[in-house]
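Data block below; observations after.
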Amino acid sequence: MRDRRPAIMIAVLWVLAAPCSSAGEQAAPMFSLSGFGTLGVVHSSEQRADFGSSIFVPKGAGHTRQWSPEVDSRLGAQVIGNFTSRFSATVQVIAEQRHDGKYLPHAEWANIKYQVTPEFSVRFGRTALASFLVSDFRKVAYANPWVRPPGEVYRLVPVFSSDGLDANYKSQLGDFAHTLQGSYGQTDATYPNGARAKGRNQWVISDTVEYGPGTLRVAYQEAHVSIDTLHALFNTFRQFGVQGIALADRYDTNDKKVTFIGVGGMYDPGDWFVMAEWGNVNFRSVIGERTAWYVGGGYRIRTLTPYLTYARTKADSNTSDPGLTLVGLPPQLAGPAAGLNAALNGILGALPVQQAIATGGRWDFMKNVALKLQYDRIDLGAGSAGVLGNVQPGFQPGGTVHLLSATIDFVW
Amino acid sequence: MSFRHWVGIGVVGLSLGLMGNSAMAEVVAVVSSRSTVMTLSRSQVADLFLGRARRFPDGIVALPIDQGEGSAARDEFYLRFAAKSPAQLKAHWSKIIFTGRGQPPLAISNTVELKRRIAANPAAIGYLDRTQLDASVREIR
């Protein structure tokens with residue numbers, strides 16, 4: 001029922017905003033309405049697995065459809081209400097593929113902001129979970145050079161929003177603009193198979209320094225994460241004596257402390273840009289520890305921006321485990337124990353290992369609209385399906401996958 | 001300096017501009033003649049208009065005022081002060097607007113009204129074509 005309160009807020013704001021048109025920028029309006037979206041298709045050369053937008057969607061390009069419009073396409077609308085000079089509210093609604101494959105709009109953010117001083121603001125409600133350099137606006141493809149942020153890094157933390165409190169402090173030191181941000185809250189997410197993930201006591205602290213065309217950002221994040229179906233699996237392990245309990249303690253996903261550290265930088269003097277990010281996430285459970293990074297850049301020739309990105313993600317924790325010792329178990333227990341071991345190794349082996357090159361071009365062919373074409377070559381790590389999901393029988397891990405994407409991104 | 005004189009400089013500047021030399025200033029950052037702000041670097045001006053900074057160096061909260069979207073002065077201002085094309089500027093504000101972190105400066109398309117608003121408020125900062133300057137506003141260098 002996490003969506004009910006935002007839904008009420010949206011309804012209220014939409015009714016209040018109705019008399020305003022797409023508010024001209026001539027005066028600061030009480031309400032402003034704006035939006036963004038992407039229409040895109042992706043082709044994948046791998047037909048026994050899907051390339052999807054995240055681990056929380058069931059359908060993607062490859063197996064479900066050779067050419068899929070469901071990976072990048074989305075529509076977003078946002079209403080900002082400026083009630084006083086200090087007090088404002090933002091509701092952003094996005095329609096995109098959900099965990100159940102449907103496109104019901106959901107509240108991406110819905111928060112109330114109080115500007116305590118020109119430098120210091122606090123927000124209450126649902127805000128962006130700012131783990132990465134572009135995580136706040138990763139869904140606003142128009143604001144980004146590429147079709148989608150490198151999944152190697154951006155999938156390290158698969159949730160995008162946090163329900164709670166958020167504080168932002170800006171300061172200026174000579175030509176250095178400095179932004180310190182902290183948030184505390186919680187996030188729920190549902191997997192396509194119905195499993196539910198909960199992040200509690202979730203906090204992020206980030207520091208961004210901007211100097212002319214340069215930006216440097218460091219973020220640290222912690223949360224206590226529980227995933228119900230995996231917890232049930234490890235409760236079964238606990239039936240198998242000391243060894244089973246030890247395995248369960250190590251791999252269980254019940255209220256495990258997850259830590260993330262991310263560093264990112266960008267240099268954009270106008271005619272060209274380079275950017276790079278590095279991140280490490282440790283789930284302290286069967287989901288393991290991963291490190292990923294990317295470097296990329298582009299060059300702007302009038303309305304054309306060709307770009308190139310190289311990205312890697314690797315597993316820092318074990319991707320297999322001998323599991324329960326079957327020798328000596330009575331036959332009626334050896335069978336279930338072998339099943340548990342297979343389940344454990346199935347999850348451990350799903351840790352994505354891959355490297356990828358993405359190259360493409362952005363064409364700002366008309367006001368507020370950009371066309372992008374992108375080619376990705378993904379080399380899957382030995383024995384890994386990488387970030388592919390919906391893996392089908394007969395899939396060969398460790399191969400090479402080619403993606404071709406075309407999108408039209410817009411803002412209004 | 002007569003108006004005609006400035007127009008002359010403007011024409012020379014424009015032709016130099018067309019030849020690819022952007023060193024000739026056409027659009028300049030201005031404040032009210034009553035403002036206490038004397039100098040700002042280009043990046044300091046850009047930071048105020050891009051939402052990166054809120055205050056002038058002396059601590060007064062700045063009120064940046066844009067020209068209307070699509071105006072030549074606006075496009076030139078952002079190109080010269082922030083090295084951003086209209087599309088890059090739109091992308092910049094998309095990042096901020098769609099995360100609820102801020103909103104772009106108030107924009108006024110009528111330059112006479114714009115100049116009047118800047119002149120009337122010592123905290124305001126804007127940009128004008130050099131030919132439009134008069135005693136009510138002062139160029140920031």
Side-chain angles (χ1 to χ4, degrees), chain A residues 24-28 32 34-36 76 78 80 82 88-92 108-109 111 113 117-119 121 123 127-128 130 134-137 139-145 168 170-172 174-175 177-179 181 210-213 268-271 300 302-303 305 362 364 367-370 411, chain B residues 22 40-48 50-63 65-71 74-75 78-110 113-114 117 123:
Chain A
E25 49 176 359
Q26 301 311 314
S32 63
S34 47
F36 60 89
Q78 176 173 293
I80 300 177
N82 296 297
S88 62
T90 303
V91 174
Q92 186 183 109
E108 184 78 1
W109 350 117
N111 59 69
K113 178 177 171 183
T117 71
E119 289 80 20
S121 63
R123 295 186 293 179
T127 56
V134 309
S135 56
D136 305 19
F137 47 90
K139 293 184 178 179
V140 187
Y142 182 88
N144 289 307
N168 211 296
K170 278 172 179 270
S171 58
Q172 190 79 14
D175 282 346
H178 193 75
T179 308
Q181 198 203 348
E210 289 165 284
Y211 177 74
D268 185 347
D271 288 342
R300 298 190 181 96
R302 292 174 183 273
T303 55
T305 311
R362 170 188 174 129
D364 286 280
K367 193 183 164 196
N368 299 347
V369 188
V411 290
Chain B
S22 59
L40 287 176
S41 70
R42 273 191 191 181
S43 69
Q44 282 175 314
V45 172
D47 283 350
L48 292 171
L50 295 175
R52 288 177 179 158
R54 302 254 191 267
R55 293 176 194 264
F56 290 115
D58 63 5
I60 290 170
V61 177
L63 174 72
I65 308 180
D66 249 331
Q67 294 209 19
E69 214 173 309
S71 86
R74 177 180 166 125
D75 292 354
Y78 281 104
L79 202 59
R80 287 190 58 227
F81 283 75
K84 287 197 191 299
S85 69
Q88 285 170 264
L89 184 68
K90 194 76 185 182
H92 170 81
W93 280 110
S94 297
K95 295 174 185 178
I96 297 171
I97 293 167
F98 292 119
T99 51
R101 291 194 191 291
Q103 290 164 62
L106 168 74
I108 296 176
S109 301
N110 180 332
E113 170 66 8
L114 172 67
R117 293 279 283 268

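Chain letters run A, B, ... following the sequence lines, proteins first and then strands; every chain starts at 1. Just so we're clear, the structure is a prediction, and the values are computed from it rather than from any experiment.
- Residue A:R302 does not touch chain B at all, counting heavy-atom pairs closer than 4.5 Å.
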Given the rule in the side chain to side chain contact (heavy atoms under 4.5 Å, CB included) test, do B:I97 and A:I80 qualify, once you have shown the distances and angles that lead to the verdict?
CA-CA 9 Å; B:I97 293 167; A:I80 300 177; 4.3 Å; yes
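- Comparing B:R54, B:K90, B:K95 by how many heavy-atom pairs each has under 4.5 Å with chain A, the most go to B:K95.
- Taking all atoms of both residues into account, the shortest heavy-atom contact from A:G270 to B:Q88 is O-NE2, 3.4 Å.
- The nearest pair of heavy atoms linking A:G212 to B:R52 is O-NH1, 3.2 Å.
- With rounding to the nearest 0.5 angstrom, the NZ atom of B:K84 is 5.0 Å from the CG atom of A:D268.
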Step by step, would you call A:S34 with B:F98 a side chain to side chain contact (heavy atoms under 4.5 Å, CB included)?
CA-CA 8 Å; A:S34 47; B:F98 292 119; 3.6 Å; yes
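- For B:S85, no part sits under 4.5 Å from any heavy atom of chain A, backbone or side chain.
- Of the atoms belonging to A:A130, it is side-chain heavy atoms, and not backbone ones, that fall under 4.5 Å from chain B.
- Chain A forms more heavy-atom pairs under 4.5 Å with one residue of B:A46, B:P57, B:A83, B:S41 than with any other, namely B:A83.
- Of the two parts of A:P118, the backbone and the side chain both hold a non-hydrogen atom closer than 4.5 Å to a non-hydrogen atom of chain B.
- Across A:K113 and B:G102, no two heavy atoms sit closer than the pair NZ-N, 4.2 Å.
- With a 4.5 Å cut-off on non-hydrogen atoms, A:K367 touches chain B through its side chain but not through its backbone.
- A:A143 and B:A91 make their closest contact through CB-O, 3.7 Å (heavy atoms, listed as atom of the first residue, atom of the second, distance).
- At a 4.5 Å heavy-atom cutoff, the contact between A:N168 and chain B is made by side-chain atoms alone.
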